[in-house]
4 protein chains.
Amino acid sequence: MTSPKPARGRPRDPAVEKRILAAAMDTYARTGWAAFTMDAVAQRAGVGKSALYLRWPSKEKLLVDALEEHSAPVLAPDTGALETDVLALATGLLRYFLDPTGWVAVRVAVDSAVETVEFGHVRERIVRMHNQAAAEMVRRAVRRGEFPVGEPVEPFIQALYGAVLMHVLTLDPDGREQARDRLEEHVTPLVDFVLSRIRRDDRPARASGSRGSTRRPPAGPR
Amino acid sequence: MTSPKPARGRPRDPAVEKRILAAAMDTYARTGWAAFTMDAVAQRAGVGKSALYLRWPSKEKLLVDALEEHSAPVLAPDTGALETDVLALATGLLRYFLDPTGWVAVRVAVDSAVETVEFGHVRERIVRMHNQAAAEMVRRAVRRGEFPVGEPVEPFIQALYGAVLMHVLTLDPDGREQARDRLEEHVTPLVDFVLSRIRRDDRPARASGSRGSTRRPPAGPR
Amino acid sequence: MTSPKPARGRPRDPAVEKRILAAAMDTYARTGWAAFTMDAVAQRAGVGKSALYLRWPSKEKLLVDALEEHSAPVLAPDTGALETDVLALATGLLRYFLDPTGWVAVRVAVDSAVETVEFGHVRERIVRMHNQAAAEMVRRAVRRGEFPVGEPVEPFIQALYGAVLMHVLTLDPDGREQARDRLEEHVTPLVDFVLSRIRRDDRPARASGSRGSTRRPPAGPR
Amino acid sequence: MTSPKPARGRPRDPAVEKRILAAAMDTYARTGWAAFTMDAVAQRAGVGKSALYLRWPSKEKLLVDALEEHSAPVLAPDTGALETDVLALATGLLRYFLDPTGWVAVRVAVDSAVETVEFGHVRERIVRMHNQAAAEMVRRAVRRGEFPVGEPVEPFIQALYGAVLMHVLTLDPDGREQARDRLEEHVTPLVDFVLSRIRRDDRPARASGSRGSTRRPPAGPR
DNA sequence: ACATAAGCGAGACGGTACGTCGCGTCTTTAA
DNA sequence: TTAAAGACGCGACGTACCGTCTCGCTTATGT
C-alpha cells in the first residue's frame, strides 16, 4: 500500500518462498508432524533457517500457509445434475483424503480445533473453503429443483463430508492403498445413503433403477 | 486364563498406573499438548519417569491410553427404539467430541491413519470400539424391525459419526463452548437427516442391486 | 560373638559372595569403571542385586573388597640377595601392573586419593600392603649388610615402585602387549638405576655434597 | 597455515570456550567428580548444553581439556644446574599432584591406559608433555657436563616422576594437606635419592653394562 | 562508483524435553 | 531370613529442536 516498491536492500526472492512451501508440504506429508522440523524443511528447500523465520514466525504458521497453498483441488464441478455433482464431489474428496497432502488438511483442522490457539483460524478457513464449494453445488441443485427448498443444507453437507471422512478413517493402510484405485466403488454407497433423503423428496416416480430404487417419495407432489 | 501369573520379582503397583493415567489426562486437559511433558506427568503423579517408560514407550502412547481410559461413556444405550437410541448415541458422541479428552481420540485416530506406523493400531482400536457399539445398536433395531434387513449398515454409521464429527469441526471456539449446553439442539438436525432414509422403511419394497453396481449416472433425462 | 551360628532363617550362601567378587573384578577389568554396573555385576554373577546390597552398601565398597581379594600376588620373595630380590619384586610388580586385574589396584588407589572420601582407606590399605612387603625385603638386606643402615628406606621403595608405575604409564597399548613377554628386559634398566645408589654405598667413596647433604646420617656408626 | 578459515556460518565464540573450561575446573574442584555434571557446568558457565556438546563429545573429554588448560605450570625451569633444576621440577610436580586439578591428570592417565579406547591418546599427550620438559632439562645437564652421556635417561625420569607420584599416593588426606606447605621437605629425600646415581658420576668408573644389556645381575660379589 | 540496506546460507547459541540408564531401595515369591 | 527378580523415585546422560543471533556474502537502491 505504501507503494509498489519503495523497498531498499535486496528484494526477497519469490522462488525461495515457493521452495519452502513445497518442502514444508513434502516433509509433513512424508514424515508427519513429529519429523516436521524447521531444519528439515530448510534443508529440503535448500535454504537457511533465516529464510523461514523471515517469513513465518513459527512452525505452525508455516505449515498453515503451506497447507493453504495446496488445498484447492476439491471443488464441486457442475455436471448438470445433483446426483452426479455429489458423486463427483465425494470422489474428489475421497481422493483428496487418501492423498497424504490432502490428509494434512484434516489433521491440521482437527489439531487446530483445540490446541492452544496458535493455529489461529486455520480450521475456519479450511472448513469455509469446503463449505462454500458444497453450498454452491446445493444452490445449483435448488435452482434446478433437485433439492427441496426447505431442506436444511448443513446436515446434508456435514453428513456427506463426514461419511467420506469416517470411511477413510475406518480403512486400514492396505484398504487405503486399494481404495485409491477404486474411488467410486467406495464412494457410491455413501453418496447413495446421503442422497436418499433428498432424492425421495422431489418427484413422485423415479426410475433411477438399481440400488437407489424406491426411496420413492410419498407419492404426493410438492 | 486372564492371568497365568508366573510373575517373578516385585509386581507392578496398579495404583501407580492409575495415578499416571490420571495425571496424564489432567496435565493434557490443563495445558494441552505443548506442555504435556513426561516429566510434568511424572511429577504430578508423584512417580519417577522410569515408571512411565516401564509402561509406555513414548509420550504419544501414554496419551492414547490415558484417553482410552476415559472414552467408554460413548456407548449406545438401549432406549427401546432406534430413533431414541441414535439420538442418545449422537448426543453422547457430540459431548465426547466437545470435551478436550474426547477430541484427543479424534486427533490420534487422524494422525495414526497415515503416520509411519508408530501409532500402530490405535486408530483401529478406537474405530472398532465405536463401530461395535453402533453395530450393536443396529442389531437391536433390526430385531425390532426398525431397520431393514438388506440395508447396508456401514454407510449409515459412517454418515452418523461423520456428521457429528464434521459438525464439531465446523464450530468455532465460541460455538463449541455454547454447544456443550445445547447438545440436542445441535444434534437433532443431524440425526434427523441421517435417519430419514431408515424411517421411510415402513415400506418394505426395495430393489437395490448390490452396492456399487451402477456408478453410471441415473439414466434419467436431465 | 553371640554364638557361632544361632542364625535364624536361611543362612547366607558363601558361594554367592565369591561369585560376586569374581564377577566384580571381571567386570571392572573388562570394561572399566564406566561400565562397572551393579546390575552388570549381579547378572554376571548370576545373582540378584539384593545379594549385593546385603553385603556391600555401595558400588565403591564392593569394588574395594573385590580388589583386595586379588591383590596379594606381588610379594617380595627371599632370593638370598638384595639385587635379585629387587629384580624379582620389580618383575612381579610389572607383571601385576600389566594385568588388567592388577591395574585396577592402581586406578582405585589413585581415585581414592582424592574423591569425596567414600572409598575410605582403600588407598591406605593397598599402599601399606605393598610397603610391608618391600620393607621386609629391605630388612633382610640390612641384615645381610647389603643395605646401608642409615640409608632412608622410603625414597628407595617409592622410587622403585614409582619407576615401574611410570614405566607402564608411558607404554602405549602395543607396548604393554609386548612388555608382558619381556618383563625383565623392561624392568632391568629401572632396577639398575634404583639400585645404583645402594650398590655404591657398600663402597665408601661418596661425594653427595650439596644441599641434600645432611640427611646423610652422621657418618658415625649407629 | 594455522587457519585456512573457510569457515561458514556463525563462528564459535571463543569466550564461550573459556567460560566453559573455567566453569568445568571450578565445578570439579569444588564438588569432585560425583557432582561434576554437564548441566551444572553449563549453568555455571551461563551457556546451554549445546555449547558443551558442540565442542566435547563427553564429560570425560571436557574434563581432560579443562585440566590440560591448567597443567602448563609443571615445566622444568632452567636454574643453571641439574640439581636445582631437578629440585624445582620435583617441587612443581609435587605441588601439581597435591592440587585436585593436577591429580585429575594422573587419574585420567591411569584410566586411559587400559580403558576400551575411549580416552584415546590422552595418556599419550599427558605423558609426552611431561617427558619433553624433563628431557629438555636433561639435555641442558648433558651440555653442562652434569649428566653422563651414556647414562640412560628414561629410567632417571621415570624414577623421579614415579617417586613423587608414589610419595603422594602414600600420603593420607592429612598428610596431603600438610605436604602442601612443606613441599621441599617432602621432595628433597626423593630428589636426593634419584640424583645419587648421577652425582656419583664425577667418577666415571661404572660396571653396570649399558641399559638392557646385562639383565644378569651385576657380576660383582655379593 | 560506492555506500547503504536488506536477503540469504550456514551454523553457533541458550533453552527445554526427550528417552535411556544407573543407583540404591522396596516389594513380591520361593527356598 | 536369604535370595532372585524386578518395580520404583531420582537424577544425569547425550540428542534433537526451537527460535534467536551472528557471520560473510550477494543483490538491489540511492546518492
Side-chain angles (χ1 to χ4, degrees), chain A residues 5-13 16 34-40 42-43 45-60, chain B residues 5-13 15-17 34-40 42-43 45-59, chain C residues 7-13 16 34-40 42-43 45-60, chain D residues 5-13 15-17 34-40 42-43 45-59:
Chain A
K5 268 217 171 174
R8 301 234 305 156
R10 174 176 174 176
R12 291 195 182 172
D13 184 346
V16 166
F36 181 69
T37 294
M38 288 306 248
D39 294 75
Q43 190 147 25
V47 306
K49 279 205 290 176
S50 11
L52 272 67
Y53 282 100
L54 265 174
R55 295 170 169 77
W56 297 274
S58 75
K59 201 160 77 145
E60 284 79 10
Chain B
K5 203 95 194 253
R8 302 214 295 165
R10 174 176 176 176
R12 294 196 182 169
D13 185 345
V16 166
E17 196 137 344
F36 181 69
T37 295
M38 288 306 248
D39 293 78
Q43 190 146 22
V47 307
K49 277 204 289 177
S50 9
L52 272 67
Y53 283 100
L54 220 49
R55 294 171 169 78
W56 296 275
S58 74
K59 202 160 75 146
Chain C
R8 303 225 301 154
R10 172 176 175 176
R12 288 197 182 173
D13 183 346
V16 166
F36 180 68
T37 294
M38 288 305 249
D39 294 76
Q43 189 146 27
V47 307
K49 278 203 293 175
S50 14
L52 272 67
Y53 281 99
L54 265 173
R55 294 170 170 80
W56 296 274
S58 75
K59 200 161 76 146
E60 284 80 11
Chain D
K5 206 84 193 268
R8 302 215 293 168
R10 174 176 175 175
R12 293 194 183 170
D13 186 346
V16 166
E17 197 137 345
F36 181 70
T37 293
M38 288 305 249
D39 294 77
Q43 191 147 23
V47 307
K49 278 206 288 177
S50 9
L52 271 68
Y53 283 101
L54 218 48
R55 294 171 169 75
W56 296 275
S58 74
K59 201 160 76 147

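So you know, we letter chains A, B, ... as the sequences are listed, proteins then strands, and number each from 1. Side chains included, hydrogens not; waters and symmetry mates left out as well; all remaining heavy atoms used.
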Closest to the Met38(A) side chain: dC18(E), dG19(F), dG24(E)? dG19(F)

So, OP1 or OP2 of dG14(E): does either fall under 4.0 Å of a side-chain N or O from Lys49(D)? no

State, to 0.1 Å, how close Phe36(A) and Lys59(A) come at their nearest heavy-atom pair, and which atoms those are. O-NZ, 2.9 Å

Here the distance between atom P of dA7(F) and atom CZ of Arg55(B), to the nearest Å, is 9 Å

Assuming nearest nucleotide by heavy-atom distance, tell me which of Gly48(B) and Gly9(A) is located more 5' along DNA chain F. Gly48(B)

Atom CD of Gln43(A) and atom P of dA10(E): how far apart are they, to the nearest Å? 8 Å

Looking at every heavy atom in both Ala35(B) and Ala40(B), which two are closest together, and how far apart are they? O-CB, 4.5 Å

Can you check whether Arg10(A) has a side-chain N or O nearer than 4.0 Å to OP1 or OP2 of dG9(E)? no

Residue met sooner reading DNA chain F from 5', once Gly46(C) and Asp39(D) are mapped to nucleotides: Gly46(C)

Rounded distance in Å - CG (Leu54(C)) to C1' (dT2(F)): 7 Å

Given DNA chain E, 5'-ward residue of the pair Ala40(B) and Tyr53(C), judged by closest heavy atom: Ala40(B)

Provide, to the nearest angstrom, the distance between the CZ atom belonging to Phe36(A) and the C1' atom belonging to dA16(F). 16 Å

Could you state the atom-to-atom distance from CG of Asp13(D) to P of dG11(E) in whole Å? 18 Å

Checking all strands, does Ser50(D) fall into the base, sugar-phosphate, or nothing category for heavy-atom contacts under 4.0 angstrom? base

Pro11(D) has its side chain closest, among dA5(E), dC23(F), dG19(E), to dC23(F)

Testing dC18(E), dT28(E), dA12(F) for proximity to the side chain of Lys59(D), the answer is dA12(F)

Do any N or O atoms from the side chain of Arg12(B) and from the backbone of Leu54(B) form a donor-acceptor pair under 3.5 angstrom? yes

What is the separation between atom CG on Leu52(B) and atom C1' on dG11(F), rounded to the nearest whole Å? 15 Å

Hey, is the side chain of Arg12(A) poking within less than 4.0 Å of OP1 or OP2 on dG7(E), counting only N and O atoms? yes

Mark yes or no for whether Lys49(B), through its side chain, and Met38(B), through its backbone, hold a donor-acceptor pair below 3.5 Å. no

